[in-house]
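A short worksheet on the structure shown next.
Below, all heavy atoms of this structure are taken into account, side chains as well, without hydrogens, waters or symmetry copies. Because the structure is predicted, anything quoted here is derived from the model rather than measured. Note that ligands are numbered from 1 as they come in the structure, with each ligand's atoms numbered from 1 the same way.
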Amino acid sequence: MAQSVWGYDSDNGPERWHENYPLAKGDKQSPIEINSKDVQHDSSLGPWHASYDPGAAKTILNNGRTCRVVFDDTFDRSVLRGGPLTGAYRLRQLHLHWGSSDDHGSEHVIDGVKYAAELHMVHWNPKHGNFAGALKQPDGVAVVGVFLKAGKTPKPEMKRILEEIDNIKTKGKEAPFQHFDPSILFPKSRDYWTYHGSFTTPPCEECITWILLREPIEVSSDQMAKLRSLSKNGENEPVNPLVDNWRPPQPVKGRIVRASFK
Ligand SMILES: NS(=O)(=O)c1ccc(NCc2ccco2)c([N+](=O)[O-])c1
Ligand SMILES: [Zn+2]
């Protein structure tokens with residue numbers, strides 16, 4: 001009997017990941033609940049800067065767990081720097097986590113608020129040679145998290161991604177996705193929280209400097225419904241909607257969350 005690979009269902013979900021991925025029970029796991037009363041403003045936290053080359057965008061794929069856009073990270077082509085980071089981190093991919101309805105879906109929870117979705121832009125530190133090497137380092141990876149709030153107003157900048165959904169409906173489907181600068185997805189404000197944590201999926205390595213943007217972007221309920229039309233299953237398998245691909249908040253274990261703003 002093949003081991004059920006990890007997922008988000010009752011038999012292979014977050015409560016059981018530690019059985020095959022022991023790091024899942026570590027002391028610096030993500031996501032976490034952020035409570036403003038425990039956050040420390042750090043005036044030494046400068047602004048972060050993303051300088052992305054639209055030509056680095058390559059493909060968009062459904063891996064059965066999320067919708068992911070992959071970028072060329074073979075040189076310093078699209079980089080994130082500043083904020084809590086030392087040096088330039090290379091953009092590798094972006095993906096999302098979302099719920100089965102608009103009232104939940106984000107991984108990080110802010111003062112009890114769950115957003116409809118959470119966008120992760122994943123960058124890695126080239127001083128560690130390659131992505132696999134960076135995973136093993138505490139300063140190996142930097143993820144910018146953007147919250148998606150469901151409302152009446154669609155986010156035009158999300159259109160390119162959502163229009164590709166019909167071409168990657170089922171697990172394993174991939175389509176070309178070029179000439180795309182993901183910084184158009186950022187909100188106006190650059191305010192952020194930062195803390196040290198982990199991948200929110202197995203193997204749960206504790207190699208991530210999280211940079212969570214305070215201001216959510218607004219998308220429409222219809223746009224959220226489009227995202228929820230993705231399927232976990234392969235092309236000729238029974239339809240299994242790809243929804244609720246979020247890990248619940250993990251123990252903070254004494255970690256300090258810093259804010260770039262007062
Ligand atoms: N939700 S997240 O941004 O923390 C996240 C989770 C897993 C992975 N990858 C899973 C992985 C790690 C090592 C081998 O395969 C990534 N990523 O690769 O950008 C990001
Ligand atoms: Zn993620």
Side-chain angles (χ1 to χ4, degrees), residues 5-8 12-14 17-18 20-24 26 28-34 50 52 56-74 78-80 85 89-99 104-109 114-126 128-148 161 171 174 182 185 192-213 216-217 227 230 232 242-250 255:
V5 253
W6 70 268
Y8 294 93
N12 66 3
W17 290 350
H18 68 93
N20 292 311
Y21 303 96
L23 294 175
K28 295 191 175 71
Q29 289 293 292
S30 294
I32 58 172
E33 160 109 45
I34 290 182
Y52 296 152
K58 294 197 305 188
T59 60
I60 187 169
L61 78 116
N62 172 348
N63 65 8
R65 297 187 183 117
T66 187
C67 162
R68 177 189 288 178
V69 175
V70 175
F71 299 86
D72 166 26
D73 62 353
T74 56
S78 294
V79 295
L80 177 75
L85 305 175
Y89 284 59
R90 284 186 197 164
L91 175 66
R92 178 178 180 83
Q93 55 114 307
L94 71 81
H95 62 271
L96 297 106
H97 305 264
W98 60 91
H104 70 283
S106 63
E107 299 205 294
H108 291 88
V109 177
K114 293 181 178 179
Y115 288 99
E118 187 171 328
L119 171 73
H120 290 157
M121 294 191 197
V122 183
H123 312 72
W124 58 279
N125 192 337
H128 297 308
N130 56 33
F131 184 68
L135 301 182
K136 304 296 174 200
Q137 308 296 328
D139 66 347
V141 178
V143 181
V144 176
V146 183
F147 295 111
L148 276 65
I161 291 175
K171 179 177 177 179
E174 189 166 18
L185 298 172
Y192 63 90
W193 294 282
T194 185
Y195 78 98
H196 193 267
S198 74
F199 283 127
T200 65
T201 73
C204 300
E205 260 98 355
E206 298 177 344
C207 60
I208 299 189
T209 299
W210 281 94
I211 298 173
L212 296 170
L213 305 192
I217 59 172
L227 202 49
L230 285 165
K232 278 182 191 167
L242 176 46
V243 294
D244 286 328
N245 55 353
W246 51 276
R247 186 188 196 185
Q250 301 299 306
R255 285 174 282 175

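No option in His123, Arg92, Arg90, Gln93 other than Arg92 meets the side chain to side chain donor-acceptor pair (under 3.5 Å) test with Asp73. For the side chain to side chain donor-acceptor pair (under 3.5 Å) with His97, the lone residue among Glu118, Glu107, Arg65 that qualifies is Glu107.
Atom ND1 is the N/O/S atom of His120 found closest to the Zn ion (ligand 2).
Counting all heavy atoms, side chain and backbone alike, Pro249 lies closest to Val109 at CG-CG2, 3.7 Å.
For the pair Gln137 and Asn125, the minimum side-chain heavy-atom distance is 4.5 Å or more.
Less than 6.0 angstrom separates the ring centroid of Trp210 from the ring centroid of His108. Ring pair Tyr8/Trp17: centre-to-centre distance below 6.0 Å.
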What does the contact table look like for ligand 1 (nitrogen or oxygen on each side, cut-off under 3.5 Å)?
unit_1	atom_1	unit_2	atom_2	d
ligand 1	1 (N)	His95	NE2	3.2
ligand 1	1 (N)	His97	NE2	3.2
ligand 1	1 (N)	His120	ND1	3.4
ligand 1	1 (N)	Thr200	OG1	2.8
ligand 1	3 (O)	His95	NE2	3.4
ligand 1	4 (O)	Thr200	N	2.9
ligand 1	17 (N)	Gln93	NE2	3.3
ligand 1	19 (O)	Gln93	NE2	3.0

